2 protein chains.
Amino acid sequence: MVDAAETPTLTDAEWTVMRAVWQGSPCTARDVLERVADSGWAYTTVRTLLQRLVDKGAVAMRLRGNTSVYEARLREQDAKQSAVRSLLQKAFDGSFGALLTHLARTERLTARDRARLQRLLDEQPEERS
Amino acid sequence: MVDAAETPTLTDAEWTVMRAVWQGSPCTARDVLERVADSGWAYTTVRTLLQRLVDKGAVAMRLRGNTSVYEARLREQDAKQSAVRSLLQKAFDGSFGALLTHLARTERLTARDRARLQRLLDEQPEERS
DNA sequence: GCCTGCATGCTACAGATGTAGTAGTAACTG
DNA sequence: CAGTTACTACTACATCTGTAGCATGCAGGC
């Protein structure tokens with residue numbers, strides 16, 4: 001009852017920045033800019049997004065000299081889990097099983113994926129409601 | 001190259017309306033309003049959302065008497081697939097396997113889910129790339 | 001000491017989203 | 001026929017998102 005409860009929701013652009021931050025956590029805006037180079041974003045855009053993430057509590061900011069240093073506060077695991085939950089709610093009636101069924105039906109599973117799914121089935125301990 | 005290519009992206013509110021539409025497809029705005037009763041939305045809100053969906057091509061509208069009748073154009077399967085793809089891109093580096101791994105780690109399967117998934121795995125023919 | 005460069009804190013602004021309200025009109029109801 | 005309903009087309013408007021620009025200040029080089 002502690003973790004993914006108050007996870008902030010991230011927009012697409014914010015996900016891009018968070019991925020960069022997670023890539024190496026105490027980092028500067030300049031670092032992030034480099035990591036998201038292909039986005040073509042301006043430095044100030046990265047800055048704005050980082051600020052919004054700070055506002056949301058997803059990253060922490062502190063000063064080192066006159067430079068802001070950012071550090072992830074939201075854990076990648078939690079963000080992912082939250083994103084999955086959100087998808088589950090809006091598109092799969094909240095049912096994890098419905099999602100799996102959909103995946104198995106529509107996604108092309110590689111042999112590796114199939115094996116992984118199988119393992120998921122075999123390993124997961126029986127549910128005790 | 002026909003199906004989920006040009007699938008429009010749905011917002012959360014739009015998902016809610018689409019779910020109602022899929023529930024019984026040629027239907028009126030009033031029908032939708034009833035189906036989403038718990039949302040507490042005003043009739044005009046539903047109307048606006050339906051209009052936006054029409055604009056996006058997700059539903060078709062035609063007149064019967066002086067009443068608009070809406071019909072899903074976007075298939076539920078395609079919408080779901082698109083939503084999954086989108087999640088994959090932003091949170092799992094586009095890797096289906098990464099999503100599975102995450103699911104295996106964090107989500108719980110009910111016995112029913114397990115059975116269903118197992119059946120799908122057994123049934124689905126081996127992939128040939 | 002002054003210029004150049006990089007950092008910072010604001011401000012901006014269009015388009016998307018959530019959530020309606022209003023005005024005009026067609027239809028049912030006594 | 002007049003009032004009450006119900007439907008439609010438009011308009012509204014605060015936020016959120018994507019994507020920056022600007023004014024300013026400190027720090028190092030010449």
Side-chain angles (χ1 to χ4, degrees), chain A residues 7-21 26-71 74 79 82-83 86-87 89-91, chain B residues 7-21 26-71 74 79 82-83 86-87 89-91:
Chain A
T7 304
T9 294
L10 305 178
T11 68
D12 284 2
E14 286 165 357
W15 264 99
T16 299
V17 170
M18 280 309 291
R19 270 184 266 122
V21 172
C27 65
T28 68
R30 195 60 60 181
D31 291 336
V32 171
L33 179 62
E34 276 164 29
R35 294 174 192 170
V36 302
D38 7 350
S39 70
W41 281 339
Y43 174 75
T44 49
T45 298
V46 168
R47 221 74 223 315
T48 300
L49 290 170
L50 278 168
Q51 187 52 52
R52 288 181 185 169
L53 286 168
V54 168
D55 293 345
K56 289 186 176 184
V59 312
M61 165 169 52
R62 77 188 133 76
L63 285 177
R64 186 175 58 201
N66 79 327
T67 298
S68 300
V69 176
Y70 300 89
E71 180 156 18
L74 171 62
S82 168
S86 165
L87 173 68
Q89 286 316 308
K90 80 176 162 208
Chain B
T7 304
T9 294
L10 304 178
T11 68
D12 284 1
E14 287 165 354
W15 263 99
T16 299
V17 170
M18 279 312 289
R19 270 185 264 122
V21 172
C27 66
T28 69
R30 194 61 60 181
D31 291 336
V32 171
L33 179 61
E34 276 164 28
R35 294 175 191 169
V36 302
D38 8 350
S39 71
W41 281 338
Y43 175 75
T44 49
T45 298
V46 168
R47 220 71 222 317
T48 300
L49 290 170
L50 278 168
Q51 187 53 53
R52 288 182 186 168
L53 286 167
V54 168
D55 292 346
K56 288 186 175 186
V59 313
M61 165 171 49
R62 79 189 131 75
L63 285 176
R64 187 176 58 199
N66 81 325
T67 298
S68 301
V69 175
Y70 300 89
E71 180 157 17
L74 172 61
S82 166
S86 164
L87 173 68
Q89 286 316 308
K90 78 176 164 210

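Please read all numbers here as calculations on a predicted model, not as lab measurements.
To the nearest angstrom, P of C:dT25 lies 13 Å from CG of B:Asn66. For B:Glu14 and C:dT19, the CD to C1' distance is 13 Å, given to the nearest whole Å. Rounded to an integer number of Å, the gap from A:Asp12 CG to D:dG18 C1' is 10 Å. Between A:Met61 atom CE and C:dA7 atom P there is a gap of 15 Å when expressed in whole angstrom units. Nucleotide D:dC7 holds its P atom 11 Å from the CZ atom of B:Arg64, rounded to whole Å. Rounded to whole Å, the distance from CG on A:Leu10 to C1' on D:dG18 is 15 Å.
Applying the 4.0 Å criterion to OP1 and OP2 of C:dT8, one finds that A:Tyr43 has a side-chain N or O inside that range. Within the structure, every side-chain polar atom (N or O) of A:Thr28 is placed at least 4.0 Å from both OP1 and OP2 of C:dA7. Dashed line: the shortest gap from a side-chain N or O of A:Arg30 to OP1 or OP2 of C:dC6 is not under 4.0 Å. Note on A:Ser68: a side-chain N or O is less than 4.0 Å away from OP1 or OP2 of C:dT8.
Contacts with DNA chain D (heavy atom under 4.0 Å) in residues 31-42 of chain B: none are found. If you check residues 47-57 of chain A against DNA chain C, the residues with a heavy atom closer than 4.0 Å are A:Arg47, listed by number.
Nearest heavy-atom pair across B:Ala79 and B:Thr7 is CA-CG2, 4.3 Å. Across all non-hydrogen atoms, the minimal contact from A:Val59 to A:Met18 is CG1-SD, 3.4 Å.
Looking only at side-chain heavy atoms (C-beta outward), B:Lys56 and B:Thr11 come within less than 4.5 Å of each other. Taking the side chain as every heavy atom from C-beta outward, B:Ser68 and B:Leu63 approach each other to under 4.5 Å. Contact check for B:Glu14 versus B:Pro8: no side-chain heavy atoms found under the 4.5 Å cut-off.
Taking CG of B:Leu87 as the reference point, atom OG of A:Ser86 lies at 8.5 Å (rounded to 0.5 Å). Atom OG1 of residue A:Thr28 and atom CZ of residue A:Arg64 lie 7.5 Å apart, to the nearest 0.5 angstrom. A:Thr16 contributes atom OG1, which lies 10.5 Å from atom CD of B:Gln89 (distance to the nearest 0.5 angstrom).
For D:dG18, its base never sits under 3.5 Å from the side chain of A:Thr45 at any donor and acceptor pair.
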Compile the donor-acceptor pairs under 3.5 Å between side chains in residues 44-54 of chain A and protein atoms, sequence neighbours left out, one pair per line.
residue	atom	partner	partner atom	Å
A:Arg47	NH2	A:Tyr70	OH	3.1
A:Thr48	OG1	A:Thr44	O	2.9
A:Gln51	NE2	A:Asp55	OD1	3.0

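Using a 4.0 Å heavy-atom cutoff across all strands shown, A:Thr44 reaches at least one base atom of the nucleic acid.
Closest to the side chain of A:Thr11, out of D:dT8, C:dT8, D:dG18, is D:dG18.
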